[in-house]
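Written out below as structure tokens is the structure these notes cover.
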Amino acid sequence: MKSGPFDQYPTGLGFSYFYGFLAGETSQYNPRLYENTNPIEPPRKPEEGYHLTEDMADQAIKLIRANRALTPDRPFFIYFAPGGAHGPHHVHKEWADKYKGKFDMGWEKLRNITFEKQKAMGWIPNSTKLTPIDPTMVKWEEIPEEQRAFQLRLMEVYAGYLEHTDTQDGKVVEELERQGLFNNTLIIYVLGDNGASAEGIHGTIDELLAENALPSTYQQQMEVLNRDFGGLDALGSQHVDKMYHSSWAWALDTPFKSTKLVAAHFGGMRTPMVMSWPKAKKWKKGSTEKVIKHDPTPRSQFHHVCDIAPTIYEAVGVQFPTRVEGAKQMPLDGVSMVYTWNNVSVKERKSAQYFEVMGSRGVYKDGWFASVFGPRIPWAEANETRMREWNPDTDVWELYDLTRDFSQAEDLAKEMPDQVAKMKQIFLMEATANKVLPIGAGLYTIYYHPEEGPHSPLTEWKLYEGLTRIAESNAPGFHSGQNSLATIDVEISANASGVLYCVGGTAGGFSVYMDNGYLYAEYMSTLLYRYIAKSTTPLQPGTRKIQVRLIFETTKGLGPPADLTLFVDGQQVGWVKARRANGIWVRGRKASRVQSDERLRAAGEGDLMLALKRHGVFATWPAIELMPSTSFRWTLCQNPAEP
């Protein structure tokens with residue numbers, strides 16, 4: 001639903017047009033799309049071959065063609081940021097099948113092969129040392145033989161997904177070539193937003209398991225995969241939100257240590273970037289000049305993503321303003337990289353750069369890098385003692401000389417305590433200037449106080465038939481600390497079937513629905529933990545007051561158990577204990593809806609699983625024919641009273 005304000009949407013931040021998704025991630029098959037500020041549905045269904053990354057490439061091509069047709073004298077700026085190859089790893093089977101057998105050697109050998117290729121290509125210095133596997137990581141030889149097919153398929157799907165994404169990037173570049181624009185277009189290609197992710201932990205069919213600190217086993221996951229979705233071929237499909245094993249992430253971060261969510265090591269942060277601008281046209285004289293002369297040598301100057309904007313400004317001759325509409329602007333972060341374009345060995349202009357993510361941190365200064373690993377180990381389940389006892393003031397710092405040690409293989413902290421002390425002071429100054437303090441603040445709502453995470457300030461909602469696309473952060477909450485009482489006044493016919501309310505998708509969520517007159521409420525803590533309350537008898541036809549009460553236990557930690565109780569006209573008719581609740585997100589990329597959907601009305605009772613997979617809700621029988629006076633009221637409170 002549109003409610004605003006829209007100043008933080010892309011069109012409120014300077015872009016004239018936006019097409020894509022606003023959350024941190026979305027399904028590639030059933031994305032929650034926006035066009036400018038308007039929520040829209042995908043143009044086609046997954047069964048018709050739809051894939052979001054392809055759609056976004058097509059939209060970018062349309063914009064280029066519109067520019068050429070209508071305003072050929074006007075330059076354009078496109079920020080093309082697809083969801084691939086971020087989770088969830090969604091790609092059609094034929095792309096994943098291309099990589100069958102390619103990773104059978106396991107992650108340690110894959111890392112060795114990658115390392116040798118990197119050196120042979122000149123991508124890393126010949127003096128680079130290959131860092132060993134962390135003692136807390138799982139080795140390939142420790143994976144039982146019967147589990148390896150699962151682990152290999154997870155990686156095959158990712159590889160296919162990555163190639164598929166790269167192909168869509170290539171489609172956009174090919175359009176520039178067709179239009180004769182490639183030579184005079186500055187392209188800055190950044191492979192990713194961080195290092196490979198270890199959030200799959202031991203390999204998963206549902207990435208929300210790790211995000212909500214829910215335990216899982218290989219046996220649990222294969223049981224669901226085989227029973228509900230047809231086995232390993234479902235990996236990469238719309239039905240599951242898979243993520244590869246954390247040790248694959250380590251292999252993908254060769255030659256560095258660690259993975260995403262670690263700011264101490266470049267395995268968590270370093271990502272390739274390519275810049276291209278073969279020839280620029282001098283508009284006044286009509287002639288051209290070479291801007292970036294191609295050469296195969298990677299640049300060694302240290303730079304950060306915040307340096308991209310200054311690079312663009314210098315390239316096109318824009319002076320960063322000190323005031324905009326009378327408002328004084330903050331200083332521009334970053335340093336232009338234009339000086340590196342045609343001079344491989346030019347002296348570096350980047351002086352200092354800080355890094356921090358949930359307590360893990362680091363700082364760069366003139367070839368030195370000092371860092372702290374932090375309280376979390378991304379490739380392992382949360383260590384309660386480690387998290388509870390963590391004190392940033394007693395963290396152990398590491399020190400690396402990047403001019404001689406590309407992969408951070410040799411920690412010099414014990415040998416050079418004075419340099420460590422100097423770097424710690426530099427970090428403190430940078431952190432203060434950039435509002436990073438207090439250290440570890442990102443953990444506050446994610447780990448220590450999830451009940452204070454992003455949520456609506458409302459304590460009561462009154463919803464009506466037909467409301468859709470309510471963002472999870474604006475809707476009634478169904479995770480830790482969000483006790484609630486839902487009251488639904490509805491006219492019910494005999495043997496009524498249909499969805500009353502739902503939030504989330506097949507990876508996790510909450511749904512209230514009816515089937516053949518019975519009332520149901522399902523709390524779905526990922527695909528592995530599903531809890532259903534059902535009325536003991538069918539509801540009698542007529543006007544009924546349905547109430548759904550959810551009360552979480554007050555135990556500490558993520559995802560405490562909850563009691564889910566159903567009432568009809570004040571009488572309890574059903575109950576279930578949700579023993580594994582979601583601690584943070586029900587489904588951060590999905591939205592809520594109050595059902596009245598023609599697509600759902602068309603689905604017969606036998607289409608339950610098909611509709612579930614297609615529409616991302618848990619039980620999508622024909623929607624109830626709701627009376628105009630039907631109302632939905634949700635109330636949040638500490639202890640919802642008995643109806």
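- Taking the side chain as every heavy atom from C-beta outward, Thr71 and Phe76 never approach each other to under 4.5 Å.
- Here Leu176 contributes atom CG and Ile64 contributes atom CD1; the two are 4.5 Å apart, rounded to the nearest 0.5 Å.
- Taking CG of Leu235 as the reference point, atom CG of Asp241 lies at 11.0 Å (rounded to 0.5 Å).
- Side chains of Lys100 and Glu156 form a contact here, defined as non-hydrogen atoms less than 4.5 Å apart.
- Counting only distance, with no hydrogens or angles, the side chain of Gln118 and the backbone of Thr254 share a donor-acceptor pair below 3.5 Å.
- In this structure, the side chain of Ser360 does not engage the main chain of Val262 through any donor-acceptor pair within 3.5 Å.
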Steps toward side chain to side chain donor-acceptor pair (under 3.5 Å) verdict (Asp169, Tyr189): CA-CA 9 Å; Asp169 296 337; Tyr189 181 88; 3.3 Å; yes

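- Of all heavy-atom pairs spanning Pro298 and Pro296, the tightest one is CD-O, 3.3 Å.
- Across all their heavy atoms, Pro255 and Ser407 have their closest contact at O-CB, 3.7 Å.
- Contact annotation: the side chain of Met337 approaches that of Ile308 to within less than 4.5 Å [non-hydrogen atoms, C-beta and beyond].
- Here the straight-line distance linking atom CG of Leu209 with atom CG of Leu527 works out to 8.0 Å at 0.5 Å rounding.
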Working for salt bridge (charged side-chain N to carboxylate O under 4.0 Å, His left out), residues Lys242 and Glu207: CA-CA 6 Å; Lys242 53 82 53 182; Glu207 60 182 357; over 6 Å; no

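- Salt bridge Lys45/Glu48: absent, no basic N to carboxylate O contact under 4.0 Å.
- Note that the CG atom of Asn342 and the CG atom of Asp295 stand 8.0 Å from one another [nearest 0.5 Å].
- In terms of modelled atom types and a separation under 3.5 Å, the side chain of Arg323 and the main chain of Ala327 share no donor-acceptor contact.
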Working for ring pair (Phe, Tyr, Trp, His ring centres under 6.0 Å), residues Tyr161 and Tyr158: CA-CA 5 Å; Tyr161 186 30; Tyr158 173 77; 7.1 Å; no

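- Between Ser345 and Asn343 the shortest side-chain heavy-atom distance falls below 4.5 Å.
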Test side-chain contact (heavy atoms from CB on, under 4.5 Å) applied to Asn36 and Phe6, step by step: CA-CA 10 Å; Asn36 298 321; Phe6 302 112; over 6 Å; no

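- Between Ala264 and Ser371 the shortest heavy-atom distance is O-OG, 3.1 Å.
- A distance-only check finds a donor-acceptor pair linking the side chain of Gln301 to the backbone of Val346 [under 3.5 Å].
- In this structure, Gln319 places its CD atom where only 12 or fewer heavy-atom neighbours from other residues, nucleotides or ligands lie under 6.0 Å away.
- The pair Lys365-Glu430 does not meet the salt-bridge criterion, since no charged nitrogen lies less than 4.0 angstrom from a carboxylate oxygen.
- The backbone N or O of Val436 sits nowhere less than 3.5 Å from a side-chain atom of Asn434 that would complete a donor-acceptor pair.
- The six-membered or imidazole ring of Tyr29 lies away from that of His239, with a centre-to-centre distance of 6.0 Å or more.
- In this structure the side chain of Tyr364 never reaches within 4.5 angstrom of the side chain of Ser351, judged on heavy atoms.
- Using modelled atom types, no side-chain atom of His265 and backbone atom of Gly267 make a donor-acceptor pair closer than 3.5 Å.
- Side-chain atoms of Thr128 never come within 3.5 Å of backbone atoms of Ile124 as a donor-acceptor pair (strictly under, hydrogens ignored).
- Only one option out of Phe256, Trp123, Phe369 pairs with Phe406 in a ring-ring contact (aromatic ring centres under 6.0 Å, His included); it is Phe256.
- Residue His164 is tested with Glu54, His90, Lys98 for a side-chain hydrogen bond (donor to acceptor under 3.5 Å, both in side chains); the sole match is Glu54.
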Residues Asn183, Trp277; criterion side-chain contact (heavy atoms from CB on, under 4.5 Å); working and verdict: CA-CA 6 Å; Asn183 281 339; Trp277 192 3; over 6 Å; no

Pairs of donor and acceptor atoms involving the side chains of residues 11-22, under 3.5 Å and at least two apart or interchain, shall be tabulated with distances.
{"from": "Tyr17", "atom 1": "OH", "to": "Glu35", "atom 2": "OE2", "distance (Å)": "2.5"}
{"from": "Tyr19", "atom 1": "OH", "to": "Asp55", "atom 2": "OD1", "distance (Å)": "3.4"}
{"from": "Tyr19", "atom 1": "OH", "to": "Asp55", "atom 2": "OD2", "distance (Å)": "2.5"}

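- A donor-acceptor pair under 3.5 Å is absent between the side-chain atoms of Gln408 and the main chain of Leu402, judged by distance alone.
- Looking at Trp248 and Leu110, their side chains come closer than 4.5 Å, going by heavy atoms from C-beta outward.
- Contact record, Gly160 with Val91: O-CG2, 4.0 Å, taken as the closest heavy-atom pair.
- Between Arg32 and Glu25 there is no salt bridge, since none of the side-chain N atoms of the basic residue sits less than 4.0 Å from a carboxylate O of the acidic one.
- The existence of a salt bridge linking Arg153 and Asp97 is confirmed by a sub-4.0 Å separation between a basic side-chain nitrogen and an acidic carboxylate oxygen.
- A donor-acceptor pair is defined here as one N or O able to donate and one able to accept, closer than 3.5 Å; such a pair exists between the side chain of Asp253 and the backbone of Ala196.
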Criterion side-chain contact (heavy atoms from CB on, under 4.5 Å) on Glu199 and Leu261, from CA distance to verdict: CA-CA 9 Å; Glu199 290 158 300; Leu261 299 180; 3.9 Å; yes

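- Side chain of Asp333 to main chain of Cys306: no donor-acceptor pair is present (N/O by atom type, distance under 3.5 Å, no hydrogens or angles).
- If you check the side chains of Gln28 and Thr53, you find a donor sitting under 3.5 Å from an acceptor.
- The OG1 atom of Thr167 sits 9.0 Å away from atom CD of Glu174, with the distance rounded to the nearest 0.5 Å.
- Counting all heavy atoms, side chain and backbone alike, Ala60 lies closest to Val172 at CB-CG2, 4.1 Å.
- Between Tyr244 and His89, the ring-plane angle classifies as tilted under the 30° and 60° cut-offs.
- Taking the six-membered ring where the residue is Trp, Phe266 and Phe302 present tilted rings, their angle falling between 30° and 60°.
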Stepwise side chain to side chain donor-acceptor pair (under 3.5 Å) test for Tyr99 and Glu163: CA-CA 10 Å; Tyr99 289 89; Glu163 183 188 349; 2.7 Å; yes

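- To the nearest 0.5 Å, atom CG of residue Leu33 and atom CD1 of residue Ile40 are 5.0 Å apart.
- Asp58 and Lys171 are joined by a salt bridge, as a carboxylate oxygen and a charged side-chain nitrogen come within less than 4.0 angstrom of each other.
- Thr322 places none of its side-chain heavy atoms less than 4.5 Å from the side chain of Gln329.
- Minimum interatomic distance between Ser197 and Ala249 (heavy atoms only, all atoms of both residues): O-CB, 3.1 Å.
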Val363 vs Phe355, side-chain contact (heavy atoms from CB on, under 4.5 Å): CA-CA, chis, key distance, verdict: CA-CA 6 Å; Val363 63; Phe355 301 84; over 6 Å; no

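- Counting only heavy atoms from C-beta outward, the side chains of Ile205 and Phe229 never approach each other to under 4.5 Å.
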